[in-house]
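Some notes on the structure that comes next.
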Amino acid sequence: MNWAVTTYDSAFGYVSAHGAPLVDLLDPQPGERIIDLGCGTGTFTAQIAERGAEVLGIDGNPEMIAQARALNPGLSFAVGDAHTFTTTEKYDAVASNAALHWMNRDPDAVIARVHAALRPGGRFVGELGGAGNCAELIAAMQTAWRVFGLGEPELPWYFPSPAEYAARLEAGGFTIRLLEHADRPTRMTEGPDGAADWVRTYAAGALAEVPPELVEPLLARINDLAAPALRRESGWVADYVRLRFAAVRKADTAAAAPEAPPGF
Ligand code: BEZ
């Protein structure tokens with residue numbers, strides 16, 4: 001599955017960003033003020049800072065922020081919910097790497113907060129799981145849950161199609177400059193127990209609902225179910241599908257601008 005729409009705009013320093021690191025698509029400039037939304041432990045925040053931008057990492061998880069501060073002394077971090085955060089100043093860009101798919105409560109609210117944080121012309125650049133992301137992993141989970149009489153697992157992710165996310169961005173006051181939807185099979189180098197390790201790490205909430213005596217047999221079944229699609233001779237591969245975009249905040253319309261004082 002591959003779907004890509006790409007346009008070039010001089011607001012971005014790229015010609016073809018397909019497969020390039022997200023920081024190159026963001027193209028931070030020295031002195032720019034940039035938010036890393038859903039910064040986790042600050043890896044992407046540090047990459048942005050290395051380009052000379054002033055960056056603020058925001059994450060909803062206080063433990064992540066504590067770790068980000070410990071790992072990146074000298075960088076700025078704040079605890080904040082992407083659905084509700086506000087800023088006192090306007091930023092040149094908001095970037096988000098592998099985090100927007102966790103912000104599943106109200107994607108339009110997240111886009112609205114990003115819009116409010118940006119100056120007109122400011123950039124919103126991100127990468128998240130797109131429609132079809134982890135389809136084999138999720139199918140294995142759902143089948144195993146059913147086999148063990150557990151109903152449907154509650155999945156905490158939002159994996160939009162390019163058409164859906166484009167519509168949300170445009171309705172939210174952005175002009176899209178680049179939108180790519182592409183497979184990115186990814187080796188599970190940190191999970192020797194394959195799909196089971198992936199579920200332990202990323203679906204811990206769903207797993208917490210499972211009676212303790214069923215957890216290990218359930219995970220073993222997930223591995224059996226997922227192996228034909230995801231286990232190679234060289235190891236396990238996660239069936240990631242990425243949605244990557246770059247958008248620009250539109251100028252305020254006359255209707256949205258504050259009214260001029262009477263008499264002018
Ligand atoms: C990802 O696509 O990066 C991802 C999705 C769900 C859980 C963990 C990672």
Side-chain angles (χ1 to χ4, degrees), residues 21-119 122-129 133-134 154-159 172 186 189-191 197-208 238 240 242-245 247 249:
L22 192 64
V23 71
D24 287 339
L25 179 57
L26 174 63
D27 194 24
Q29 298 300 307
E32 276 195 321
R33 296 168 48 77
I34 298 179
I35 289 173
D36 175 10
L37 191 60
C39 64
T41 59
T43 306
F44 186 48
T45 323
Q47 290 172 11
I48 297 169
E50 273 169 24
R51 304 282 181 102
E54 274 178 48
V55 59
L56 170 65
I58 298 179
D59 200 284
N61 183 334
E63 287 170 25
M64 289 283 184
I65 290 295
Q67 181 81 346
R69 287 186 174 129
L71 291 171
N72 304 281
L75 297 190
S76 299
F77 294 97
V79 178
D81 182 335
H83 298 82
T84 55
F85 79 100
T86 56
T87 62
T88 49
E89 292 169 58
K90 298 291 184 193
Y91 283 75
D92 298 299
V94 175
S96 184
N97 188 24
L100 291 167
H101 51 244
W102 291 101
M103 303 169 192
N104 63 345
R105 200 167 75 237
D106 183 351
D108 292 326
V110 174
I111 291 170
R113 295 326 310 154
V114 171
H115 186 274
L118 288 170
R119 63 170 172 77
R123 320 189 296 288
F124 182 24
V125 174
E127 186 172 302
L128 68 156
N133 194 36
C134 305
E154 205 163 304
L155 303 177
W157 313 300
Y158 167 62
F159 299 141
T186 302
T189 47
E190 286 164 23
D197 274 349
W198 188 90
V199 171
R200 279 190 193 97
T201 305
Y202 296 118
L207 214 48
Y240 285 164
R242 303 288 86 179
L243 188 61
R244 161 185 279 232
F245 64 88
R249 188 197 141 151

Table please: side-chain donor-acceptor pairs of residues 55-63 below 3.5 Å, with sequence neighbours left out.
unit_1 : atom_1 : unit_2 : atom_2 : d
D59    : OD1    : N61    : N      : 3.0
D59    : OD2    : C39    : N      : 3.3
D59    : OD2    : G40    : N      : 2.7
N61    : OD1    : E63    : N      : 2.8
N61    : OD1    : M64    : N      : 3.4

Whether the side chain of [X] engages the backbone of [Y] through a donor-acceptor N/O pair (distance < 3.5 Å, no angle test) should be reported.
{"X": "R249", "Y": "H115", "result": "yes"}
{"X": "R242", "Y": "E127", "result": "no"}
{"X": "D36", "Y": "F77", "result": "no"}
{"X": "D92", "Y": "I34", "result": "no"}

Taking 4.0 angstrom as the limit, do D27 and R123 come out as a salt bridge? no
For the student: nearest non-hydrogen atoms of [X] and [Y], plus distance:
{"X": "L26", "Y": "A93", "value": "CD1-CB, 3.9 Å"}
{"X": "M103", "Y": "A82", "value": "SD-CB, 3.4 Å"}
{"X": "W157", "Y": "N104", "value": "N-ND2, 3.8 Å"}
{"X": "A99", "Y": "G38", "value": "CB-O, 3.4 Å"}
{"X": "R113", "Y": "T86", "value": "NH2-CG2, 3.4 Å"}
{"X": "L75", "Y": "A49", "value": "CD2-CB, 3.7 Å"}

Quick check for you: to the nearest 0.5 Å, what is the distance between [X] atom [atom1] and [Y] atom [atom2]?
{"X": "N97", "Y": "L37", "atom1": "CG", "atom2": "CG", "result": "11.5 Å"}
{"X": "H83", "Y": "D108", "atom1": "NE2", "atom2": "CG", "result": "9.5 Å"}
{"X": "L118", "Y": "F124", "atom1": "CG", "atom2": "CZ", "result": "8.0 Å"}
{"X": "I35", "Y": "T87", "atom1": "CD1", "atom2": "OG1", "result": "5.5 Å"}

Considering residues, nucleotides and ligands other than Y202, do more than 12 of their heavy atoms fall under 6.0 Å from its OH? no
With sequence neighbours excluded, what pairs up with D106 under the salt bridge (Lys or Arg N to Asp or Glu O under 4.0 Å) test?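 Per chain and number, D106 pairs via salt bridge (Lys or Arg N to Asp or Glu O under 4.0 Å) with no residue.
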Stepwise side-chain contact (heavy atoms from CB on, under 4.5 Å) check, V23 with F44: CA-CA 8 Å; V23 71; F44 186 48; 4.0 Å; yes
So H101 and F159, would you call those rings parallel, tilted or perpendicular, with 30° and 60° as cut-offs? perpendicular
Is any side-chain heavy atom of L100 less than 4.5 Å from a side-chain heavy atom of V110? yes
